[in-house]
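Numbers here simply count residues along the sequence, with the first being 1. Atoms within each ligand, like the ligands themselves, are counted from 1 in listed order. Keep in mind the model is a prediction, meaning the values are calculated, not measured.
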Amino acid sequence: MSTRIARTTLTALALACIATLGHAQQGKLKVGLMLPFSGTYAALGVAIENGFKLRIEEQGGKLGGREIEFVKVDDESDPAKATDNVNKLIKRDNVDVIIGTVHSGVAMAMAKAAKESGTVLIVPNAGADAVTGPMCAQNIFRSSFSNWQPAYAMGEVAGKDGKKKAMTITWKYAAGDESVAGFKEGFEKAGGKVEKQLTVPFPNVEFQALLTEIAAAKPDVVYAFFAGGGAVKFVKDYAAAGLNKTIPLVGPGFLTDGTLEAQGAAAQGMQTTLHYADGLNTPRDTAFRTAYAKSFKLQPDVYAVQGYDAAQMLAVGLSAVKGDISKKAEFASAIEKAKIDSPRGAFTMNKAHNPVQDIYLRKVEGNENKVVNIAVKNLADPARGCKL
Ligand code: PHB
């Protein structure tokens, strides 16, 4: 055999080996689910996991041709433990992709770690403006919303409704602060004024002193950001104090999503804004709701939709790279160009990888957040500070 032929044969052999190795390396796709499975946001974490897994089942248990293996971490919605928790997934478990989380403070620590390590991160709830603002990155995506989006829409709605004086109340952390800022921006643009901003530490639910303050100040409207267990308690306390009879309580839809059975009469008639609603009655949403109810014996809520769409986004990226998630640029570009066929209505991504989506005005009727109309069509987060 001449040297030349030998060299060619060797090169071919080497290439074949690399190709086989590539295949072997593909194996199962390791998905790290970092969500709250305890504490005030526990139900939200479960709904996200359910939605995510439902979409994977619908795809035959595979994404981009790869079977999925899950590693789960309960982040307890605790920012102090967030860096350690996310590093367990990245460094110990060597996951290919991280899905998480609900709490904005935890999500910011996750985004920092994902940006440093290059691990793909899809945020299925936490609205932290920074994640798709100054912290934006090629490998970071969000299937949910920015805190600014539903808040800004509610401000506009309340202002156009003729409300002049507002008070706000929230947990004191990034999501609450940003939600109030978004509301203030929309409300003041529409001619209103936010006169006082009240806060309680996360995840406290001692509201009495602040409710007394609201009763004394008599604003035209109260805007509140709470979610999960805290939202149940706040809406019930507001009604128990008799305030719902005289001062409308509004908020982003988290205040009444996944919580209505527990809130009962206290929530009736409340108006909120969100990127999802009951009664959309589109074939896409009906199919999703029927499948979700069948699998989990529960009605889906916004969190379930966000989990479901995180799996849809991951599927788009992975099928573009045929399961090879190391092809970061192609993976990102496929999601950037996609129209995600969400139960909420189809959405696209802004440059920072946050959904551009309709924000619905909803009204509580029985156990439903019934759609009233579209408050703001195709609302894109401004992605302030994102350099991509
Ligand atoms: C957040 O921390 O960003 C957050 C938590 C719960 C929600 C919405 C936003 O329902």
Polar pairs, ligand 1 vs protein, N/O only, below 3.5 Å.
from     : atom 1 : to   : atom 2 : distance (Å)
ligand 1 : 2 (O)  : V102 : O      : 3.3
ligand 1 : 2 (O)  : S104 : N      : 2.8
ligand 1 : 2 (O)  : Y173 : OH     : 2.5
ligand 1 : 3 (O)  : S104 : OG     : 2.6
ligand 1 : 3 (O)  : G127 : N      : 3.0
ligand 1 : 10 (O) : Y303 : OH     : 2.8

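Salt-bridge formation is not detected for the pair E57/K53: no Lys NZ or Arg NE/NH1/NH2 atom is positioned less than 4.0 Å from an Asp or Glu carboxylate oxygen.
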Can I get a per-line list of side-chain donor-acceptor pairs under 3.5 Å for residues 194-212, giving both atom names and the distance, sequence neighbours left out?
from : atom 1 : to   : atom 2 : distance (Å)
K196 : NZ     : E213 : OE2    : 2.9
T212 : OG1    : Q208 : O      : 3.0

Listed pairs under 3.5 Å, donor-acceptor, residues 94-117 side chains, sequence neighbours left out:
from : atom 1 : to   : atom 2 : distance (Å)
D96  : OD2    : K30  : N      : 2.8
T101 : OG1    : M34  : O      : 3.2
T101 : OG1    : D75  : OD2    : 2.4
H103 : ND1    : G105 : N      : 2.9
H103 : ND1    : V106 : N      : 3.3
S104 : OG     : A128 : N      : 2.9
S104 : OG     : N147 : ND2    : 3.3
K112 : NZ     : E116 : OE2    : 3.2
K115 : NZ     : C136 : O      : 3.2
S117 : OG     : A113 : O      : 3.0
S117 : OG     : T119 : N      : 3.3
S117 : OG     : T119 : OG1    : 2.7

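Screening residues 302-323 for side-chain hydrogen bond (donor to acceptor under 3.5 Å, both in side chains), with sequence neighbours left out, gives R55-Y308, E58-Y308, N125-Q306, H275-Q306, R284-Y308, D309-Q312, D309-S342, D309-R344.
Just one residue in the list K370, Q263, M270 forms a side chain to side chain contact (heavy atoms under 4.5 Å, CB included) with V364, and that residue is M270.
Here Y276 and F145 keep their ring centres 6.0 angstrom or further from each other.
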